[in-house]
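All remarks here apply to the structure that follows.
Model, not experiment: these values are computed from the prediction. Heavy atoms only: backbone and side chains are in, while hydrogens, waters and symmetry mates are out. Each chain gets a letter, A, B and so on, in the order its sequence line appears, and its residues count up from 1.
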Number of protein chains: 4
Amino acid sequence: MAGNSFGELFKITSFGESHGPALGVVVDGCPAGLTIDLDFIQAELNKRRPGQSKLSTARSEGDQLEILSGVFEQKTLGTPICMLVRNADQRSADYDNLKDIFRPSHADYTYQAKYGHRDHRGGGRQSARETISRVMAGALAKLILREYGIQVQAFVHSVSELELALADENIHPELAWHFESRCPDAEMDAQIRTRILQAKAEKDSLGGVIRCFCTGVPVGLGEPVFDKLHADLGKAMLSINAVKGIEFGSGFSGTHLRGSENNDEFLSENGKIRTASNRSGGIQGGISNGERIDFKVAFKPVASIGKPQKSMNTSGEEVMLEINGRHDPCVLPRAVVIVEAMAALVLADHLLRNRSSRMQPLYPESPLTS
Amino acid sequence: MAGNSFGELFKITSFGESHGPALGVVVDGCPAGLTIDLDFIQAELNKRRPGQSKLSTARSEGDQLEILSGVFEQKTLGTPICMLVRNADQRSADYDNLKDIFRPSHADYTYQAKYGHRDHRGGGRQSARETISRVMAGALAKLILREYGIQVQAFVHSVSELELALADENIHPELAWHFESRCPDAEMDAQIRTRILQAKAEKDSLGGVIRCFCTGVPVGLGEPVFDKLHADLGKAMLSINAVKGIEFGSGFSGTHLRGSENNDEFLSENGKIRTASNRSGGIQGGISNGERIDFKVAFKPVASIGKPQKSMNTSGEEVMLEINGRHDPCVLPRAVVIVEAMAALVLADHLLRNRSSRMQPLYPESPLTS
Amino acid sequence: MAGNSFGELFKITSFGESHGPALGVVVDGCPAGLTIDLDFIQAELNKRRPGQSKLSTARSEGDQLEILSGVFEQKTLGTPICMLVRNADQRSADYDNLKDIFRPSHADYTYQAKYGHRDHRGGGRQSARETISRVMAGALAKLILREYGIQVQAFVHSVSELELALADENIHPELAWHFESRCPDAEMDAQIRTRILQAKAEKDSLGGVIRCFCTGVPVGLGEPVFDKLHADLGKAMLSINAVKGIEFGSGFSGTHLRGSENNDEFLSENGKIRTASNRSGGIQGGISNGERIDFKVAFKPVASIGKPQKSMNTSGEEVMLEINGRHDPCVLPRAVVIVEAMAALVLADHLLRNRSSRMQPLYPESPLTS
Amino acid sequence: MAGNSFGELFKITSFGESHGPALGVVVDGCPAGLTIDLDFIQAELNKRRPGQSKLSTARSEGDQLEILSGVFEQKTLGTPICMLVRNADQRSADYDNLKDIFRPSHADYTYQAKYGHRDHRGGGRQSARETISRVMAGALAKLILREYGIQVQAFVHSVSELELALADENIHPELAWHFESRCPDAEMDAQIRTRILQAKAEKDSLGGVIRCFCTGVPVGLGEPVFDKLHADLGKAMLSINAVKGIEFGSGFSGTHLRGSENNDEFLSENGKIRTASNRSGGIQGGISNGERIDFKVAFKPVASIGKPQKSMNTSGEEVMLEINGRHDPCVLPRAVVIVEAMAALVLADHLLRNRSSRMQPLYPESPLTS
């Protein structure tokens with residue numbers, strides 16, 4: 001109930017503080033018999049790691065994966081998989097002056113009010129370092145999805161008002177990893193990088209939008225009332241630090257269309273039911289329809305900025321604050337893999353949940369023939 | 001797991017098909033000792049009832065509340081409260097021609113694919129009639145919130161590109177119920193009504209945006225990692241039929257701001273910690289900060305339209321379809337109370353969940369003095 | 001959290017008070033495509049109904065099944081199934097004198113202390129009438145189990161110190177329904193009936209033990225750490241009114257054996273792995289091993305007795321109490337179907353849960369070929 | 001769903017294999033502000049540690065506690081607490097000969113059948129080393145309970161047919177820790193020790209019964225339908241390795257009594273409602289009544305024995321097996337603290353759950369005054 005678990009059948013529990021000994025995750029419900037590719041999980045962590053480029057914070061963390069349980073002879077056992085990363089480059093003293101001050105648009109004040117006791121060092125558990133747990137678990141989910149031909153690919157769609165203007169069919173999200181900005185277009189990448197470095201120089205920060213495509217998703221995933229596939233994806237995204245909005249398919253702009261303009265007509269393609277357009281974003285009535293799942297996630301500008309701001313301290317006095325720690329001027333490039341991880345977690349979970357939607361034969365029939 | 005329950009401590013389970021005997025909800029976890037105001041719950045149902053005005057469907061349902069359990073001498077017992085509404089004005093025959101056709105941007109196809117067996121009459125469980133369950137349960141949640149001085153008020157913010165342009169301080173959401181469009185502004189109400197009737201005449205439909213304010217929310221609600229208050233509100237909203245997006249505070253437009261522009265500075269007001277602005281939408285780090293919670297929800301244009309559309313039938317043949325049932329040309333006016341209901345459910349749940357955030361004295365101390 | 005739901009994937013939520021309008025249950029997670037046999041569910045209700053014989057209470061309830069949702073054309077839709085039974089023969093006035101008195105070994109006092117507000121009529125929600133919800137849901141679970149060749153059969157093993165002494169291989173639980181006592185042996189049935197009528201005449205009550213066999217259970221059901229199959233069965237049984245103990249296989253008497261005496265050696269039978277004995281009761285390490293599941297459930301003597309007892313009232317005064325309502329002198333005969341229902345619920349749930357234990361092919365492959 | 005979590009509000013997730021890198025637990029939902037006593041938690045682990053006396057296995061493990069998260073300046077943060085113990089003295093080679101053989105009355109066969117892939121070393125996750133996770137989490141629960149004056153004390157009640165015969169009022173469970181057998185009586189301790197060493201010498205094993213008392217439990221804990229306090233305690237106990245039965249208060253022997261003999265009459269004691277006897281075991285209708293909670297747990301004789309047994313291998317051949325690893329001849333002495341841990345987890349969870357049973361004032365009123 002304290003909200004550190006996510007998922008139902010593929011269920012993860014995250015733990016750890018930014019300046020505590022470690023950050024980690026327990027994955028309970030990963031089916032037995034999945035081959036584990038440790039290099040892949042580490043590579044996913046590397047995509048989120050600080051210090052990848054000049055665009056991100058100078059905190060330098062190896063973020064080295066350690067697996068404590070659930071895997072034997074490179075295959076999952078069906079038992080809980082605990083993965084963790086030790087914290088290394090902590091400069092807790094950097095935060096001494098923040099011990100008694102509430103940073104604007106951070107969760108210092110709300111944590112203090114809720115719990116009455118708080119780890120102020122690096123934001124403690126409010127830190128986006130918590131997303132390490134999500135990336136590790138998400139990597140595991142991706143390994144499952146891969147077995148079923150499902151791919152999750154996100155990319156930076158916009159930073160500030162700089163927005164990728166390509167037509168959908170010309171977007172190749174896999175190119176995102178070739179560009180420091182994680183925007184899959186050379187021209188836009190250059191503009192975004194310049195803009196981020198400029199904000200950094202001005203001790204300010206930027207926000208933006210990440211877009212995510214999920215392809216190869218079979219028809220039928222999602223539970224149709226409260227646990228609609230897009231409702232669960234929405235919760236997953238909104239639970240990421242700094243996210244303030246999400247939209248699917250035509251989303252907010254679709255509210256300007258008429259039904260006759262927004263509906264996705266059906267057609268037959270090689271004997272398969274398809275839709276002529278995809279304004280639904282691949283989900284109808286909360287259930288995947290076999291088209292590409294497509295959504296956009298809004299990240300606010302980073303709250304930690306070097307510019308002076310008015311704030312208050314724990315004694316109720318107004319103070320001026322300049323934050324001088326190591327912060328990202330824009331989290332978008334590092335957040336791409338986090339968006340993917342959360343999407344993968346939702347899809348893996350619903351893949352397992354969907355196994356109970358119908359009466360079906362017992363599997364496996366003969367339990368020892370595996 | 002089949003996704004018909006919502007909430008953790010204040011937990012609801014919804015049931016019923018559009019043309020089945022009844023729609024209902026079981027609320028488990030409503031604290032004992034709450035006085036039940038049946039007229040209030042019925043009044044909430046009336047706000048969502050079809051046939052309220054020319055703007056909505058002609059289906060005429062009394063939607064009469066019936067309580068089967070959990071209440072004794074007008075007060076809750078702490079036991080499950082089952083509420084239901086019988087279906088009355090069903091014209092199932094209207095749907096005979098839809099038995100084998102998948103309506104575009106409806107869930108006919110995805111339900112068929114998922115379950116292999118489907119109640120086509122009125123959309124069965126995909127019907128927005130399911131939201132009756134939410135409104136009844138939400139009314140109960142509002143009765144709890146009222147005891148703690150919390151109010152949830154939604155209103156129509158836009159229909160198609162017609163958008164309420166008032167400054168935030170000039171919006172009085174309680175006025176919404178005086179206007180058929182549920183937009184709290186006479187001028188905008190007139191424009192929206194005209195536009196909806198026009199779409200209806202053209203056998204087409206419209207979408208729009210509902211905005212919701214929650215006031216009086218104490219600091220500290222929300223669990224900070226996966227069950228962030230706005231993540232749970234987001235899931236709640238995205239689980240409503242036809243919703244395709246949600247944003248909190250400055251939301252998507254906030255991604256165009258810099259940190260120094262978007263941050264909410266703290267100030268002291270009569271010894272209380274407040275923020276000078278509210279671009280966070282009342283939530284920081286997933287926890288309420290005592291400011292007004294503020295979010296916007298995007299509803300796509302209604303998928304059921306009279307205009308001819310290309311579709312497919314269950315035999316895999318392409319067909320032309322004209323939907324001639326009784327449908328709303330725009331769901332926004334009737335959806336206001338549904339948005340409120342879902343928001344109230346989330347707040348009531350987190351109010352109870354927050355009781356476990358800290359060590360605290362036993363309550364009640366002397367169990368029989370009540 | 002308020003504890004009125006049971007199960008994870010095959011999940012039921014029970015509602016209703018003894019003297020309220022109705023008792024009911026919502027089953028969420030019943031797979032689509034199951035053929036519903038209404039007569040079977042009613043027949044199960046009839047096995048629990050009061051007034052079946054002279055051995056039970058004189059309260060006369062038809063306990064007529066009503067289904068409100070989730071079934072279309074005699075088959076489950078995969079949506080929630082709400083079933084209810086209206087209360088009819090309520091004599092609430094019988095309970096007026098109990099309004100302010102706590103009956104010994106009843107839950108009057110603990111409910112009052114917990115909730116501060118209580119429906120005293122017929123015990124309200126503490127009444128064993130709540131088990132109607134379990135029997136309806138359990139009947140549905142049995143319909144699923146039947147499809148997989150699984151049978152759940154319980155019977156009265158003992159009443160007071162009268163105990164069925166047959167060797168295991170000579171017990172035919174299906175005969176239980178031929179005898180009013182539900183003990184599958186003519187001689188023992190006669191003795192038990194006499195003993196119960198004698199206790200009734202003396203305004204006293206009796207307890208006893210119900211034993212349950214589950215046959216045809218495939219190897220592999222049960223989750224091995226906290227949700228062991230026998231742990232979930234144990235919780236299921238202990239949640240039934242008046243149950244005070246449970247043991248599996250050799251149980252408490254097995255604690256007197258040595259490992260070499262208690263272990264079940266393996267052997268091969270027609271190429272299948274079997275055990276030579278079944279002191280494990282069909283479960284090893286929390287997972288079914290393919291042998292017959294076998295457990296015993298202890299029911300205390302009914303707490304409601306006509307004999308005078310010392311008690312207290314809500315004003316804290318000591319009083320003498322004689323309970324003159326309509327009560328069973330021994331619940332065992334009516335509880336057999338309740339034990340079966342709860343066992344069926346656990347097995348159906350674990351059957352679905354086990355679908356996620358391993359990586360396996362997508363099912364159904366082609367979603368529309370059903 | 002894979003069953004490695006326990007509890008609702010005070011929720012633990014266990015992970016780890018016997019011969020993997022570590023065993024651990026994540027506790028989510030521990031309220032903020034609890035002072036953590038590391039020495040106490042380590043002392044609890046020591047009570048379970050192998051090699052404490054000649055009565056237990058020779059495997060020598062320091063079982064050194066490591067805390068990775070959730071605690072800052074000796075107090076809980078309200079965030080997840082991850083605790084772990086590294087495995088040290090593994091002799092995996094001891095198990096090489098068991099790789100392909102199913103040990104009788106162990107879970108080798110059922111794991112293999114369920115998952116198709118298994119860590120055979122030391123039983124992998126089936127090993128009772130998993131209970132380390134429970135003991136660490138249970139110690140934390142005890143720290144909470146202590147704040148509310150609640151104590152959980154278990155002791156060995158019987159080994160084989162040697163049974164503690166003291167009257168209830170003469171039992172002092174706290175003495176159990178002075179005796180190697182954990183039976184709180186010098187005479188019985190001596191007999192039990194002799195008996196265990198004799199079984200060990202004969203390469204055989206013994207079972208027995210642990211009894212548990214919970215004192216200081218306030219009236220009102222437990223949710224009255226499925227999550228009855230004794231149902232949850234029952235599940236907790238049955239989930240411990242080797243447990244085959246549980247009974248509360250008069251339990252199985254109470255089935256021989258009449259209602260007039262088994263009922264607990266009420267009386268007034270210093271203005272408090274008490275019962276004259278405690279055959280209910282401190283729980284009525286699933287809710288604690290303020291009396292001492294009292295239950296007994298049956299442990300089967302250890303399945304691992306040195307005596308030759310008939311078994312089968314993974315190729316389906318019958319084999320003779322002699323188990324020569326390091327095993328306890330009787331687990332009872334080491335299991336006492338495990339029973340206590342599981343009971344403490346259930347009580348802590350229900351203590352938090354009970355905070356939502358009624359309408360009550362907001363707490364804390366002024367969020368920053370802590």
Side-chain angles (χ1 to χ4, degrees), chain A residues 1-4 6 8 104-105 107 110 113-114 116 126 160-161 204-205 207-209 219-220 223 225-228 230-231 234-235 238-239 244-245 247-248 251-252 254-256 258-260 262-266 273 284-285 287 289 298 300-303 305 307 309-312 353 357-358, chain B residues 1-4 6 8 104-105 107 110 113-114 116 126 160-161 204-205 207-209 219-220 223 225-228 230-231 234-235 238-239 244-245 247-248 251-252 254-256 258-260 262-266 273 284-285 287 289 298 300-303 305 307 309-312 353 357-358:
Chain A
M1 280 327 92
N4 295 287
F6 186 80
E8 299 289 339
S105 288
T110 53
K114 184 178 186 76
Q126 347 155 201
S160 202
E161 85 288 352
D204 215 333
S205 66
V209 173
V219 191
E223 301 299 324
V225 177
F226 297 112
D227 297 355
K228 289 183 164 81
H230 60 288
K235 171 167 175 166
L238 289 161
S239 77
K244 301 301 281 186
E247 59 181 1
F248 290 83
F252 278 91
T255 69
H256 294 178
R258 292 181 156 224
S260 58
N262 193 61
N263 281 357
D264 295 318
E265 293 186 317
F266 283 110
I273 293 181
Q284 276 157 348
I287 304 171
N289 68 353
K300 71 172 184 181
V302 173
I305 55 173
K307 284 195 170 177
Q309 300 176 85
K310 286 186 195 152
S311 192
M312 303 218 16
R353 291 175 71 171
S357 58
R358 300 188 185 196
Chain B
M1 281 327 92
N4 295 285
F6 186 80
E8 298 289 340
S105 288
T110 53
K114 184 178 186 75
Q126 351 154 196
S160 202
E161 84 289 354
D204 215 332
S205 66
V209 173
V219 191
E223 301 299 324
V225 176
F226 297 112
D227 296 356
K228 288 183 164 79
H230 60 286
K235 172 168 174 166
L238 289 161
S239 78
K244 302 300 280 186
E247 58 181 2
F248 290 83
F252 278 91
T255 67
H256 293 178
R258 293 181 157 225
S260 58
N262 193 61
N263 280 358
D264 294 319
E265 292 186 318
F266 283 110
I273 293 181
Q284 276 156 346
I287 304 172
N289 67 353
K300 71 173 184 180
V302 174
I305 55 174
K307 284 195 170 175
Q309 301 175 84
K310 285 185 196 153
S311 191
M312 305 225 3
R353 291 175 71 171
S357 58
R358 297 188 186 197

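A/S311 and B/F266 get closest at one heavy-atom pair: OG-CD1, 3.4 Å. Residues A/Q309 and B/E265 approach most closely at CA-OE2, 3.3 Å, considering heavy atoms. Closest approach of B/A231 and A/S239 over heavy atoms only: CB-N, 3.9 Å. Taking each heavy atom of B/L238 and A/H230 in turn, the nearest pair found is O-NE2, 3.1 Å. Listed here is the closest heavy atom pair of B/R358 and A/A113: NH2-O, 2.8 Å. Taking each heavy atom of B/G259 and A/P301 in turn, the nearest pair found is N-CB, 3.4 Å.
In this structure, the separation between CD1 on B/I305 and OG on A/S260 is 5.0 Å, given to the nearest 0.5 Å. Between the NZ atom in B/K300 and the CG atom in A/N263 there is a gap of 6.5 Å [rounded to 0.5 Å]. Separating the CG atom in B/N4 from the CD atom in A/E223 is a distance of 8.0 Å, to the nearest 0.5 Å.
Of the two parts of B/R353, only the side chain, counted from C-beta on, holds a non-hydrogen atom closer than 4.5 Å to a non-hydrogen atom of chain A. With a 4.5 Å cut-off on non-hydrogen atoms, B/Q126 does not touch chain A at all. In this structure, the portion of B/K228 lying under 4.5 Å from any heavy atom of chain A is its side chain and not its backbone. When heavy atoms are compared at a cutoff of 4.5 Å, A/K310 approaches chain B by way of both its backbone and its side chain.
The greatest number of non-hydrogen atom pairs below 4.5 Å with chain A, out of B/K307, B/R258, B/H256, is found for B/R258. Of all the listed residues (A/A2, A/G245, A/G285, A/G3), the one sharing the greatest number of non-hydrogen pairs under 4.5 Å with chain B is A/G3. Interface summary for chain A: among B/G254, B/G251, B/P104, the most heavy-atom pairs under 4.5 angstrom belong to B/P104.
B/N289 contributes no side-chain N or O that, together with a main-chain N or O of A/T110, makes up a donor-acceptor pair within less than 3.5 Å. B/K114 places a side-chain N or O within 3.5 Å of a backbone atom of A/G220 that can act as its donor or acceptor partner.
With sequence neighbours excluded, the residues forming a salt bridge (charged side-chain N to carboxylate O under 4.0 Å, His left out) with B/K235 are A/D227, A/D232, listed by chain and number.
A/D264 is listed as a side-chain neighbour of B/S105, based on a closest heavy-atom distance under 4.5 Å. Side-chain atoms of B/E247 and A/E247, non-hydrogen and from C-beta on, never get closer than 4.5 Å to each other.
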